[in-house]
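Here is the structure we will look at.
Every number for a ligand or one of its atoms is a count from 1 in the order of the listing. It should be emphasised that the depicted structure is a prediction, and the values quoted were computed from it without experimental measurement.
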Amino acid sequence: MRKKIIAANWKMNMTIGEAESFLKDFRLEIEEVTGVEIVIAPPFTALPKLSELLGGSQKVRLGAQNFYFEKSGAYTGEISAAMLRDLFVRYVIIGHSERRQIFGETDSFINKKVLAAHASELKPILCVGETLEEREAGKEKQVLETQLRGGLAGVSAEQLVETVIAYEPVWAIGTGKTATSAQAQDAHAHVRAVLAELTDAATADKVRIQYGGSVKPANALELLSQPDIDGALVGGASLEARGFAEIVKAGVPA
Ligand SMILES: O=C[C@H](O)COP(=O)(O)O
């Protein structure tokens, strides 16, 4: 059985002080929680403080929201995998739609990051998802397949099992419009079918696929009860400790 993975993507929010205070409250809320993997991806500036406070915690893992695939060098403004590993970061979000749309990241660029993450023992959370126009044109499955094939080129079956896929329909991000559980399940089943084509059914069956897009305490349980939804990548609702803890609790095995 796949262990659920609930991740907070704080995006460009939270000062160091706010992150510290969140963690204090959040840890109290999840004291009794077991059986679910929790990841917090703060902005880079808050990583050192959270790393120090977590002290290698198994219960709450650290994630980064981005990195650059080169090892070192003249790349002004960028952060390498080794720098993240220095701070005990375990996961890295790659190919978020905001990076695709605002910063022009392409599937081949994203693929370089996925491969570099694995080479440095960071686990990628690879985001895929269609825009509203693509869904209305009936192209969502084709878009997912293109993003998966492009982003995962050259990834071995062993590496795929250590990769998390986040299905995030762009029209549901930050809009309050969540995909229905049936729409999300349908997309997740398609993602898994593509992963099976890339490797084999047994490998695809082990890969965790998160849903992201206006996940809230009120809709988390229904989404997480779908057979192919193995977690959530949470933006806005992850900024408040109690609300995020409620979403985490929705991922605890029944
Ligand atoms: O990475 C998280 C997603 O973009 C979802 O954001 P949201 O929960 O604010 O809709």
Worksheet entry | Side-chain donor-acceptor pair present, D107, Q147, cut-off under 3.5 Å | no
Discussion item. Contact between ligand 1 and A7 is defined here as a heavy atom of the residue under 4.0 Å from a ligand atom; is it met?
Written reply: no
Worksheet entry | Heavy-atom proximity to atom 8 (O) of ligand 1, best of C127, G235, P169 | G235
Discussion item. Check this for me - ligand 1, G174, N or O atoms closer than 3.5 angstrom, yes or no?
Written reply: yes
Item to complete: For H96, take its heavy atoms, then give the atoms of ligand 1 lying under 4.0 Å from any of them.
Response: 1 (O), 2 (C), 3 (C), 4 (O)
Worksheet entry | ligand 1 contact by K11, heavy-atom criterion under 4.0 angstrom | yes
Practice prompt. Under 4.0 Å from a heavy atom of G213: give me the atoms of ligand 1 that qualify, with their elements.
Written response: 5 (C), 10 (O)
Discussion item. Under 3.5 Å, is there a donor on one side chain and an acceptor on the other for W171 and E130?
Written reply: yes
Worksheet item: At a 4.0 Å cut-off, with the gap strictly under it, does some heavy atom of A237 reach an atom of ligand 1?
Response: no
Discussion item. Test your reading of the model: is there a side-chain donor-acceptor pair from K59 to the backbone of E31, 3.5 Å cut-off?
Written reply: yes
Item to complete: Just need the protein heavy atom nearest to atom 1 (O) of ligand 1, so name the residue and atom and give the distance.
Response: N9 ND2, 2.9 Å
Worksheet item: Against heavy atoms of A172, which atoms of ligand 1 measure under 4.0 Å?
Response: 10 (O)
Fill in: Heteroatom distance test (T175, ligand 1): nitrogen or oxygen, under 3.5 angstrom
no
Worksheet item: Below 4.0 angstrom, N of the basic side chain to O of the carboxylate: do K249 and E246 qualify?
Response: no
Worksheet item: Judged by atom type as modelled, is there a donor-acceptor pair below 3.5 Å linking the side chain of S21 to the main-chain atoms of G17?
Response: no
Worksheet entry | Identity and separation of the nearest protein heavy atom to atom 2 (C) of ligand 1 | E168 OE2, 3.1 Å
Discussion item. Please classify the I173 to ligand 1 contact at 4.0 Å (heavy-atom distances, strictly less than): side chain, backbone, both or neither.
Written reply: both
Worksheet item: Going by the order shown, which atoms of ligand 1 are within less than 4.0 Å of some heavy atom of G236?
Response: 7 (P), 8 (O), 9 (O)
Worksheet item: Looking only at distance, does E98 have an N or O less than 3.5 Å from an N or O of ligand 1?
Response: no
Item to complete: Scan E78, E105, E70 and name whichever one has a salt bridge (charged side-chain N to carboxylate O under 4.0 Å, His left out) with K113.
Response: E105
Practice prompt. In plain terms, say whether K139 and E134 are close enough for a salt bridge, that is, a side-chain N and a carboxylate O under 4.0 Å apart.
Written response: no
Worksheet item: Can you check whether F244 reaches V234 side chain to side chain, under 4.5 Å on heavy atoms?
Response: yes
Worksheet item: Do N66 and I79 pass the side-chain contact (heavy atoms from CB on, under 4.5 Å) test, and can you show the C-alpha distance, the side-chain angles, and the key distance before you say yes or no?
Response: CA-CA 8 Å; N66 188 27; I79 298 275; over 6 Å; no
